[in-house]
Enquirer: 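One structure is given below, represented as structure tokens, and several questions about it will come after.
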Number of protein chains: 2
Amino acid sequence: MADEVLGVSVGRVVTFTKQITARDVELFAEASGDDQPLHLDDATAKRSRFGQRVAHGILTAGVISAAIGTRLVPDGIAIYLGQTLQFQRPVMPGDTITATLEVTALDTERRRATLSTTCANQNQETVLTGEAQVLLDALRDD
Amino acid sequence: MADEVLGVSVGRVVTFTKQITARDVELFAEASGDDQPLHLDDATAKRSRFGQRVAHGILTAGVISAAIGTRLVPDGIAIYLGQTLQFQRPVMPGDTITATLEVTALDTERRRATLSTTCANQNQETVLTGEAQVLLDALRDD
């Protein structure tokens, strides 16, 4: 398989599914420092266009990170080089998000892959679209 | 001030600084589902090109989210529409990250702002660059 790097070739598709709970939103707020009341406080969130608390957009992007980090490279690891994100719909605490990645281009010499990255909710509505660039890397033997 | 929306005008600069601790990396792993050993396991991380644990790239992006969510809009809230991310250098647990945002364009009619978004570490090395698009929104009165 010449057009393959560490088990990754063009057309490879992987998914990762995770429910984003209210607790996850609180953990992300603590980890990132983003304690905007829209995400954490019911009274403020009710005064917004959403009428209820919404998850941080970057937390939804974290589900893409999970797919890249844990599912993409069978025989090595992925090192994140870049990501574009277009937020299409709000994600509410309790929603179940599936990130789907597809390898759309592969530079075998430089071991770089381009991925389409899409997140959908439990109603199959697209909530996030974008593209990622990753370096496919091997771990050294112990 | 005609060329202003909810206290935001072109040239406005805000920053947000946060240390990314090993605990923050663990919280983000739990919130996102990204439990890649490169971020969590010393033995695996030693076999990588970094030689030690690194923070998730999307967690560093979370510091941009914090700046947008908590500092950008004096008289309202920011709703994330899009973000591009180019990861320039690894962030290690213990690093202190400063996100700097500058408003580079403003569509007053549609209330949309474009921001340059840069993160640097405690040594003033740029670790992340990109651009964000946000909707500037008001909260309804109670």
Side-chain angles (χ1 to χ4, degrees), chain A residues 16-18 20-21 23-39 43-50 54 56-70 77-88 90 99 130 132-133 135 137-142, chain B residues 16-18 20-21 23-39 43-50 54 56-70 77-88 90 99 130 132-133 135 137-142:
Chain A
F16 189 97
T17 298
K18 185 178 190 306
I20 294 185
T21 64
R23 180 162 183 274
D24 292 330
V25 172
E26 288 162 12
L27 294 178
F28 179 81
E30 184 174 349
S32 67
D34 188 352
D35 58 3
Q36 232 273 69
L38 177 65
H39 307 300
T44 302
K46 272 188 191 150
R47 296 167 53 210
S48 75
R49 64 172 57 212
F50 304 114
V54 297
H56 304 75
I58 296 290
L59 175 53
T60 305
V63 184
I64 297 173
S65 177
I68 290 175
T70 69
I77 62 172
I79 295 174
Y80 231 145
L81 300 177
Q83 175 77 54
T84 63
L85 301 166
Q86 293 96 37
F87 300 105
Q88 307 285 358
Q133 308 282 337
L135 175 66
D137 210 13
L139 292 173
R140 288 189 299 266
D141 289 334
D142 278 320
Chain B
F16 189 97
T17 298
K18 183 177 191 307
I20 295 186
T21 65
R23 180 162 182 274
D24 292 331
V25 172
E26 288 161 12
L27 293 177
F28 179 80
E30 184 174 347
S32 67
D34 188 351
D35 59 3
Q36 231 273 67
L38 176 65
H39 307 299
T44 301
K46 274 189 191 149
R47 295 167 53 208
S48 75
R49 64 173 56 213
F50 304 115
V54 297
H56 305 76
I58 297 292
L59 175 54
T60 304
V63 185
I64 297 172
S65 177
I68 290 174
T70 70
I77 62 172
I79 294 173
Y80 230 146
L81 300 176
Q83 176 78 53
T84 63
L85 300 166
Q86 293 96 38
F87 301 105
Q88 308 284 359
Q133 308 281 341
L135 175 66
D137 210 12
L139 292 174
R140 288 188 299 268
D141 290 335
D142 276 319

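Every value quoted in this text rests on a predicted model; they were computed, and no experiment measured them. Below, chains carry the letters A, B, ... as their sequence lines are ordered, and counting in each starts from 1.
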Enquirer: Measuring from atom CD1 of B/I64 to atom OG of A/S32, what distance do you get when rounded to the nearest 0.5 angstrom?
Expert: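 Reported value, rounded in 0.5 Å steps: 11.5 Å.
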Enquirer: Please identify, among B/T44, B/L59, B/L139, B/T70, the residue contributing the most non-hydrogen atom pairs under 4.5 Å to chain A.
Expert: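 Counting heavy-atom pairs under 4.5 Å, the top option is B/L139.
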Enquirer: Please rank B/Q86, B/Q133, B/Q83 by heavy-atom pairs under 4.5 Å with chain A and give me the top one.
Expert: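 Of the candidates given, the most pairs with chain A belong to B/Q83.
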Enquirer: Looking at A/R47, A/H56, A/H39, which one has more heavy-atom pairs under 4.5 Å with chain B than the rest?
Expert: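 Heavy-atom pairs under 4.5 Å are most numerous for A/R47.
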Enquirer: Can you give me the closest heavy-atom contact between A/K18 and B/E30, atom names plus distance?
Expert: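 Smallest heavy-atom distance, with atoms named: CE-O, 3.5 Å.
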Enquirer: Return the minimal non-hydrogen interatomic distance between B/Q36 and A/G69, and the atom names on each side.
Expert: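 For B/Q36 versus A/G69, the nearest heavy atoms are CG-O, 2.6 Å.
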Enquirer: What residue, out of A/S65, A/A132, A/A29, A/A138, has the most heavy-atom pairs lying under 4.5 Å from chain B?
Expert: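 Between A/S65, A/A132, A/A29, A/A138, the count favours A/S65.
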Enquirer: Measure distances from B/L38 to the heavy atoms of chain A and classify the residue's part below 4.5 Å as side chain, backbone, both or neither.
Expert: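 For B/L38, the contact with chain A is made by the side chain alone.
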Enquirer: Is it the backbone or the side chain of B/I79 that comes under 4.5 Å from a heavy atom of chain A, or both, or neither?
Expert: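 Contact with chain A: side chain only.
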Enquirer: Hey, which of B/D35, B/L81, B/T84, B/I20 has the most heavy atom pairs under 4.5 Å with chain A?
Expert: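 Ranked by contacts with chain A, first place is B/L81.
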Enquirer: Might you point out which heavy atoms bring B/R140 and A/K46 nearest each other, and give the distance in Å?
Expert: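 Nearest heavy atoms, B/R140 then A/K46: NH2-O, 2.7 Å.
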Enquirer: Report which part of B/A78 has an atom under 4.5 Å of a heavy atom belonging to chain A: side chain, backbone, both, or neither.
Expert: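 When you check distances to chain A, only backbone atoms of B/A78 fall under 4.5 Å.
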Enquirer: Considering only heavy atoms from C-beta outward, does the side chain of B/Y80 approach that of A/I58 to under 4.5 Å?
Expert: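 B/Y80 reaches A/I58 side chain to side chain.
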Enquirer: I need the residue from B/P90, B/G62, B/A43, B/A67 with the largest number of non-hydrogen atom pairs under 4.5 Å to chain A.
Expert: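 The option with the most such pairs is B/G62.
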Enquirer: With chain A, which of B/A66, B/A31, B/G82 has the greatest number of heavy-atom pairs at distances under 4.5 Å?
Expert: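 Among the listed options, the one with the most contacts to chain A is B/A31.
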Enquirer: Please classify the contact of B/T21 with chain A as side chain, backbone, both or neither, using a heavy-atom distance under 4.5 Å.
Expert: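 Nothing of B/T21, per the 4.5 Å heavy-atom cut-off to chain A.
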Enquirer: Looking at chain A, which one of B/I68, B/V25, B/D137 has the largest number of heavy-atom pairs inside 4.5 Å, strictly under?
Expert: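 That would be B/D137.
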